[in-house]
Amino acid sequence: MPMYPFLPHTKEEIREMLDVIGVNNVDELYSDVTNLYKDELNIPESMSEIELNQHLKDLAANNRHIREYGTFRGAGIYAHYIPSLVYQIGAKRGFLTAYTPYQAEVSQGTLQIMYEFQTMMSELTGMEVSNSSMYDGATSMAEAILMASRVNKKQKTLISESIHPEYKNVSETYIKPQNIEFDYIKYDEKTGRLDLEDLKNKIDSKTSSIVVGYPNFFGIIEHLDEIKEMLPEKVMMIVVANPIALGMLEAPGNLGADIVVGEGQPLGNAPAMGGPSFGFFTSKRKYIRQMPGRIIGETVDEQGKPGYVMVLQTREQHIRRDKSTSNICSNHAHNALLATIYLNVIGKRGLRDIAYQNYYKAHYLAKKLLETEKFEPFFEADFFNEFTIKYNGNLKILNNKLLDQNYFGPYDLEKNYDKFKNVALFCATELTSKEDVLFLTAFVEGLI
Amino acid sequence: MPMYPFLPHTKEEIREMLDVIGVNNVDELYSDVTNLYKDELNIPESMSEIELNQHLKDLAANNRHIREYGTFRGAGIYAHYIPSLVYQIGAKRGFLTAYTPYQAEVSQGTLQIMYEFQTMMSELTGMEVSNSSMYDGATSMAEAILMASRVNKKQKTLISESIHPEYKNVSETYIKPQNIEFDYIKYDEKTGRLDLEDLKNKIDSKTSSIVVGYPNFFGIIEHLDEIKEMLPEKVMMIVVANPIALGMLEAPGNLGADIVVGEGQPLGNAPAMGGPSFGFFTSKRKYIRQMPGRIIGETVDEQGKPGYVMVLQTREQHIRRDKSTSNICSNHAHNALLATIYLNVIGKRGLRDIAYQNYYKAHYLAKKLLETEKFEPFFEADFFNEFTIKYNGNLKILNNKLLDQNYFGPYDLEKNYDKFKNVALFCATELTSKEDVLFLTAFVEGLI
Amino acid sequence: MSLIFEKSSEERTGFRIPRLDIEKTEIEIDNKYIRKEEPKLPQVHELEIVRHYDSLERLNHSVDKGFYPLGSCTMKYNPIFADEIANWERFKFIHPYQDLNTMQGSLEVMYNLQHYLAEITGMDNVTLQPAAGAHGELTGMLIIKKYLEDQGYKNKTKVIVPDSAHGTNPASAKMAGFDVVEVKSNEYGRVDLEEFKNIMDEDVAAVMLTNPNTLGLFEKDILKISKIAHDHHALLYYDGANLNAIMGKIRPGDNGFDVVHLNLHKTFSTPHGMGGPGSGPVGVKAYLKEYLPVPVVEHDEEGKFYFNYDIKNSIGQMRSFYGNFLVLLRAYVYILSMGRDGLKKASEMAVLNANYMRKKLSEFMTVAYPGLCKHEFVIEGSFLKKYNVKTLDFAKRMLDYGIHPSTIYFPLIVKEAMMIEPTETESKGTIDEVIDIFKKITEEAKKNPRLLKDAPFSTPVKRLDELKANKELKVRF
Amino acid sequence: MSLIFEKSSEERTGFRIPRLDIEKTEIEIDNKYIRKEEPKLPQVHELEIVRHYDSLERLNHSVDKGFYPLGSCTMKYNPIFADEIANWERFKFIHPYQDLNTMQGSLEVMYNLQHYLAEITGMDNVTLQPAAGAHGELTGMLIIKKYLEDQGYKNKTKVIVPDSAHGTNPASAKMAGFDVVEVKSNEYGRVDLEEFKNIMDEDVAAVMLTNPNTLGLFEKDILKISKIAHDHHALLYYDGANLNAIMGKIRPGDNGFDVVHLNLHKTFSTPHGMGGPGSGPVGVKAYLKEYLPVPVVEHDEEGKFYFNYDIKNSIGQMRSFYGNFLVLLRAYVYILSMGRDGLKKASEMAVLNANYMRKKLSEFMTVAYPGLCKHEFVIEGSFLKKYNVKTLDFAKRMLDYGIHPSTIYFPLIVKEAMMIEPTETESKGTIDEVIDIFKKITEEAKKNPRLLKDAPFSTPVKRLDELKANKELKVRF
């Protein structure tokens, strides 16, 4: 029998322990179970680290990634630079191998980090309060809709058609069992922004919330203030925001948002094939008791020294069970840590500078593509670091050819919108180089 | 002016500090110097991490390495598996950013590690005492020769011809200024082992030490006990050992060695293009006061609690200045740490198993090569994980062709021994796979 | 210690932006939507950041630091090697919308993992999508709900949950739109079969069980429970939080369970990360396969892997993209590292450790339920009452000895509960030391209860004022 | 805490060997040379190893933990980014005997670094081979020795070293085969020019200076010293340990120095690693180029880099292979990260910090030499004598405040010396806190000297018995 690096027991110790327990062998510890499994599990035998390392190298050899290929793809997950400190500090085992701060006195590291995280997310979104993270942007949006219904006791949500398609799917899954109705609001065919007329028509007395992207899935900057003006007093505006964009764009909190949620990946988290990253969740303070998830608050210890604890636990499932605001228990604290370190490193000025570089790069890319005359404008509205554009050729073929050149081309919107034939969603970030853009334009012009 | 992440001073703080000092500006702090440099240094302007990351990626793109290419090359630096724990623990910043344990009370981590390291190296070599590391194997050998002369006050060393060529060069550089004579002892043309006759002839009353490899540069296991028998009482036997081989081979301490040194790289250190790794340095206890380098000893604190401190500092340069045993100050403690973690992880059984696998793999490789009939035996003696073999074709061409196949071929001994035309020094380790060997044999047979 | 915001200064920086390699265009965005006031993020230099987190890490207890017997949380050793793999660029920097041909390695990991998890649980199909245990529970409940609806059941509105259950169980059932009915535990800490029979009717959609349950006890009547449930066309749901007791020994699928969720961050040793990310795959029997959330990883005839979104009755999507891949990857590494042999041994040793500790502690503490336990057991802390000491005090005193307290005040059915799960990665030596500490603290409770009531003494902060925190709700700087 | 050996058990393991994929051959080695008794390496499981080092790390002070003003050691912040780069496989896993075409990236790093270091020091050619500062000193001394021999000087046997010099200076001169002659410092802490003139004769091969010297003072007479030395055909050697004071401000080559060594682990911010590895490149004026150790990195006409072993009068090789490449790489990253602008500013801020601290401390402590210092300064601890307190006591008390003491009892010419080098990466805020601590301890010395004499109180161990350690010489388990 092999010895396992993760199992410390010696035969002698096992013997001693069995004697103390008063059983003859390990099998007797399972004497009370039904249908004891007698076979061997049909999974491989244990592997040494050397063998496993080789196996994983073989698997990894079948992958390619955005640090070895160029990329013009965003659509919810973005290729931003991650400063070295983020992973190096995040990998500290005192963060990685700690759990939920149930014992505050030996978890002040975790608790202070989460408190700093909440502060940063509140600042970013312009909202008053934040929880300490959700699973991702999509479930955050779904939970925001549920929360709005808890707040205003209304059972209908209106979702912008231009919300990320996966977020729509997830929200549907979440809200259907709660008997919350939903409807989609059209986007303006010309600008890609929310169609205010359609919104007006669909709002009724049952409407609890409206959900809008900032920027939306097309990269377009929604006019939140104009939307807010259309809403009856109790209807809550839920904004799904890109946190990097908030380095340049007015905070949703200053444009009427009641709840601001979003995908945290752009903040120091690797794309990771879509997970894990985290969702952020912020709102006005008056709604805090209806918020899902863990919240950290400041207090003092017996000697008056400041410290941090989990607050409002009576909202949560481990106390309130089926009356809780959500079933969420594990959050994505470690990913939130990475975001916190990221925001510490870049600072407010770095965030602004990065956001503006994203803007400049994306607009440079758009301009250059139009100059090739192989593309034509699609939506005509202000955008941040993503934009839609119509390709005069076959977009699928273009993307396949780009792949051969070690480039991930733009996202193909036809995947989600049947009528968007050859409409591409291009993304540029601070990592998109002039060289990338010039390669691409030369390539579509057939010069390469 | 850019702001620097490593420089915290604000303009206001600089002003305040200048005021306290009583100068008007920073330049005045240099008012007492001669030939103040007025130009700009001809080095690049500061780069952001993003730019620097790109620059280094561009440079790294011009490198290839032994984890992406197969390798049959050893010759002093070896491709062993490094368990994940070694780097992950070694990278802890509490180890990396600490310095020499001048204040023992806040350096018990460092001191205990070095004490454990000394214990392990003593155990490995079968010697009584060890220091806490040298720069590398070559300088360890040089310092061993100097130490032997300090011990027995004799001024001549005899070095085996089959010692690593670079070690010979370095030792010459070190010992010449001390007016220590040196001569080389031939290897037996048939076995590749030390020529005992030649040794006998060259030993005289001035002889302080003899230096022999274990295994030697040809991979051959020297008969240390037979050499020792030839030596007059006061002549010291210095053994340059491969530490992985010591998992299989009898400890030099049990075969008469007085000083055992060697290159520590095989123990958990990356090849690193040759540095940094570390040299180990062990000897009989009675010579400890003549040993170079830092040594850690056990003691107790005021309350009787065990602890560790640097001992015999009066041998060292910071106390004894020009009377010290060596000028060494910085050692290679961090590399010694990696070795300590490595030996912790693999344990005595792992070391044995790894050593035996090295043996089996190398002998399998030798056998398979001979079976191709493109090679013929060269030296006929027992070897560990390296061996010499004569190629019937042009070795340089073979190696170039192997490079095209993403393999680093064997070391070409003609580089150091003019007469060894097409004599290859092949190495195999636990990482050499059957697949590698079969590829190689098929390749030399022209099947690929 | 200071917040990072207090260390900020306008002129400091931890980051510099690269030179812009293109010309700036004019900003076209309406000024209304341009940010005027910068978010108050800190401006700090690198050394300050590094020291900030160095200090914060020191304030945390963690598995790497010491014993962490949080019941139901399975705080076992998390392999460093798995973390290293999860940091490989070829796993970490894959965009979810890359061409499938450029992520075949990752898809193979997912495909294999689906099969290993199915094998371990005795289920037929697995989704890796759920991000955490509770998320898996919700997924499972939604599958059950949709399946029953499709079967034409109109009124299956209830879910039975034992009073010893994790809080997530009733919460998840509720989120799936069910009403929760609690079933009491009997004097042996198991589901009271009589009451269960009484509660059971045709309105019951599912029974959610943890087995071994949160008392660490195997539900011996599981086959009866299963039969009763199935006779009423209710499904049996397995909360996998306690799977660490049974790998290779008992398969939920063999004991009548229809739906299972797992917690990879518990049983499969992925690090808990201060509260997450976890991963909560769900396994189902074949008849529920077409209800799994999209996508599931499959392969075509040539062995090319792909995401199958075409699942006939799918409940839909549970989160964006495909799951917490880097957590899945770590679990995959762990499973292969242990192998079928090692996983079984891990569970055996987890149960051995728990029983040994239970037996030793029973000499001077009150174990809530006698007899064999599985991977964990519960102490009834009310024996401390005579010294005017609470379980909370006992727990706080443990902090002074450098070990993390057990889960406390859960399960709710045990007075002053301490729920202890040592896990298999702790050695007998460590456990013996911890037993001595328990003994010492019990002695202290007798002789000097103030030591417990005023504890902890050696932690970075002393007991914190939770009332104040909840009253003032200062949740940001 | 326990040694790892005490935690060992035969049946435990942290490692498993892979299956052997070939047939075993019979062992041909004579049994005499086969190991019979296994070395007593520990058999420990992973979690034990992980916790062992987790605990050991906590016992160490480090730059990441706090202020570390070790004079002459330049304990500045070590960029994490540089460590990350040094861990890239394409830098870390290169075999030194690979084909040159497969290591052009690394060679380019070395080539560029040689030039940057030459530029910073005002020298013409640089070798990167020496593994540490003292190793660089030896290299430099050997170059001087061989050059003078080749020039036909028969009797140049002496090297002049100031009494304030680092211990490595005389030791290195001695290892190079020279005799050491000490020159005294004058009342201003500089080389006494008159005595220097008296000592100087034609037997002198070299003068080794640190400038600014170990008192942190610039040797104002350097041009005179240089002229006198050169007039006697002696060379001027620059110990670069204190280069952090002068980057971009003063170049040793402009002040008459012929040979320079640098400590990359000091000035160029590579981590000190508990004592090493360091790196000690040596720069020389053009006329000494052909004496550098082999190999030096050059490139051919097509820009292909190679190692030049063909150096006419080379002193030989100083170590195996080419130098501490991963240290060189970190220094390269640091230099480019700071740039010519940032390096200059770093030195300026280092000098600013030192002078500020000197001025503030002089209000209540005795600064050994008045007036401007450079990157460090020395306190004369004998002012504590009246309280019956030694510098050692003062230092130990600093430990209780979480900061590392300065270098103590060096330089030898200052009584009870404390040699303080704050470095530029410390903020004014930190320095002000430290000044307050110095003040507080000075007050304690007056009012309650026992606090100093019994210190430290808060460290993992109290003062250790060095006598016992040296008497018993227990140097292994």
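Letters A, B, ... mirror the listed sequences (proteins, then strands); counts begin at 1. These numbers come from a predicted model, not from an experiment.
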Supply the atom-to-atom distance [X] [atom1] to [Y] [atom2], rounded to the nearest 0.5 angstrom.
{"X": "A:Thr100", "Y": "C:Met274", "atom1": "OG1", "atom2": "CE", "result": "10.0 Å"}
{"X": "C:Asn355", "Y": "A:Ile21", "atom1": "CG", "atom2": "CD1", "result": "4.5 Å"}
{"X": "A:Glu68", "Y": "C:Glu89", "atom1": "CD", "atom2": "CD", "result": "8.0 Å"}
{"X": "C:Arg476", "Y": "A:Glu123", "atom1": "CZ", "atom2": "CD", "result": "4.5 Å"}
{"X": "C:Tyr33", "Y": "A:Ile221", "atom1": "OH", "atom2": "CD1", "result": "9.5 Å"}
{"X": "C:Leu41", "Y": "A:Leu124", "atom1": "CG", "atom2": "CG", "result": "5.5 Å"}

Proximity breakdown for [X] and chain C, heavy-atom pairs closer than 4.5 Å:
{"X": "A:Thr110", "answer": "both"}
{"X": "A:Leu249", "answer": "both"}
{"X": "A:Lys361", "answer": "both"}
{"X": "A:His164", "answer": "side chain"}
{"X": "A:Phe95", "answer": "both"}
{"X": "A:Ile295", "answer": "side chain"}
{"X": "A:Tyr99", "answer": "both"}
{"X": "A:Ser326", "answer": "both"}
{"X": "A:Ile341", "answer": "both"}
{"X": "A:Tyr87", "answer": "side chain"}

Would you say [Y] and [X] are linked by a side-chain donor-acceptor pair, where the criterion is simply a distance under 3.5 Å?
{"X": "A:Thr299", "Y": "C:Asp465", "answer": "no"}
{"X": "C:His115", "Y": "A:Asn42", "answer": "no"}
{"X": "A:Tyr115", "Y": "C:Lys474", "answer": "yes"}
{"X": "A:Tyr135", "Y": "C:Asn324", "answer": "no"}
{"X": "C:His52", "Y": "A:Glu116", "answer": "yes"}

Plane angle bin for C:His135 and A:Tyr174 - parallel if under 30°, tilted between 30 and 60°, otherwise perpendicular: tilted
Could you tell me if the side chain of [Y] sits less than 4.5 Å from the side chain of [X], heavy atoms only?
{"X": "C:Asp341", "Y": "A:Tyr4", "answer": "yes"}
{"X": "C:Lys40", "Y": "A:Lys348", "answer": "no"}
{"X": "A:Thr34", "Y": "C:Phe218", "answer": "yes"}
{"X": "C:Lys345", "Y": "A:Val26", "answer": "no"}
{"X": "A:Val20", "Y": "C:Lys360", "answer": "yes"}
{"X": "A:Leu312", "Y": "C:Asn470", "answer": "yes"}
{"X": "A:Val170", "Y": "C:Met318", "answer": "no"}
{"X": "C:Ile29", "Y": "A:Tyr359", "answer": "yes"}

Checking [X] against chain A: side chain, backbone, both or neither under 4.5 Å from a heavy atom?
{"X": "C:Met338", "answer": "both"}
{"X": "C:Lys374", "answer": "side chain"}
{"X": "C:Lys65", "answer": "neither"}
{"X": "C:Glu426", "answer": "backbone"}
{"X": "C:Leu223", "answer": "side chain"}
{"X": "C:Pro460", "answer": "both"}
{"X": "C:Leu343", "answer": "side chain"}
{"X": "C:Phe93", "answer": "both"}
{"X": "C:Ala173", "answer": "neither"}

For A:Thr97, all residues meeting side-chain contact (heavy atoms from CB on, under 4.5 Å), sequence neighbours excluded: A:Arg93, C:Ser62, C:Val63, C:Asp64, C:Asn78
Pick from A:Asn169, A:Asp353, A:Asp136 with the largest number of heavy-atom pairs that fall under 4.5 Å of chain C: A:Asp136
Pairs of heavy atoms under 4.5 Å with chain C: top-ranked of A:Met114, A:His55, A:His223: A:His223
I'd like to know if the side chain of [X] reaches the main chain of [Y], judged simply by a donor and an acceptor atom lying under 3.5 Å from each other, with no hydrogens or angles considered.
{"X": "C:Gln104", "Y": "A:Asn62", "answer": "no"}
{"X": "C:Gln43", "Y": "A:Arg349", "answer": "yes"}
{"X": "A:Gln103", "Y": "C:Lys396", "answer": "no"}
{"X": "A:Asp301", "Y": "C:Lys462", "answer": "yes"}

Sequence-distant partners of A:Tyr360, ring pair (Phe, Tyr, Trp, His ring centres under 6.0 Å), two or more places apart: none
Nearest atoms (heavy-atom pairs only) where [X] meets [Y]:
{"X": "C:Arg340", "Y": "A:Ile43", "answer": "NH1-O, 3.2 Å"}
{"X": "C:Asn60", "Y": "A:Ala98", "answer": "ND2-CB, 4.1 Å"}
{"X": "C:Asp254", "Y": "A:Tyr37", "answer": "OD2-CD1, 3.6 Å"}
{"X": "C:Thr425", "Y": "A:Phe6", "answer": "CG2-O, 3.3 Å"}

Greater than 12 external heavy atoms within 6.0 Å of A:Glu302's CD: yes
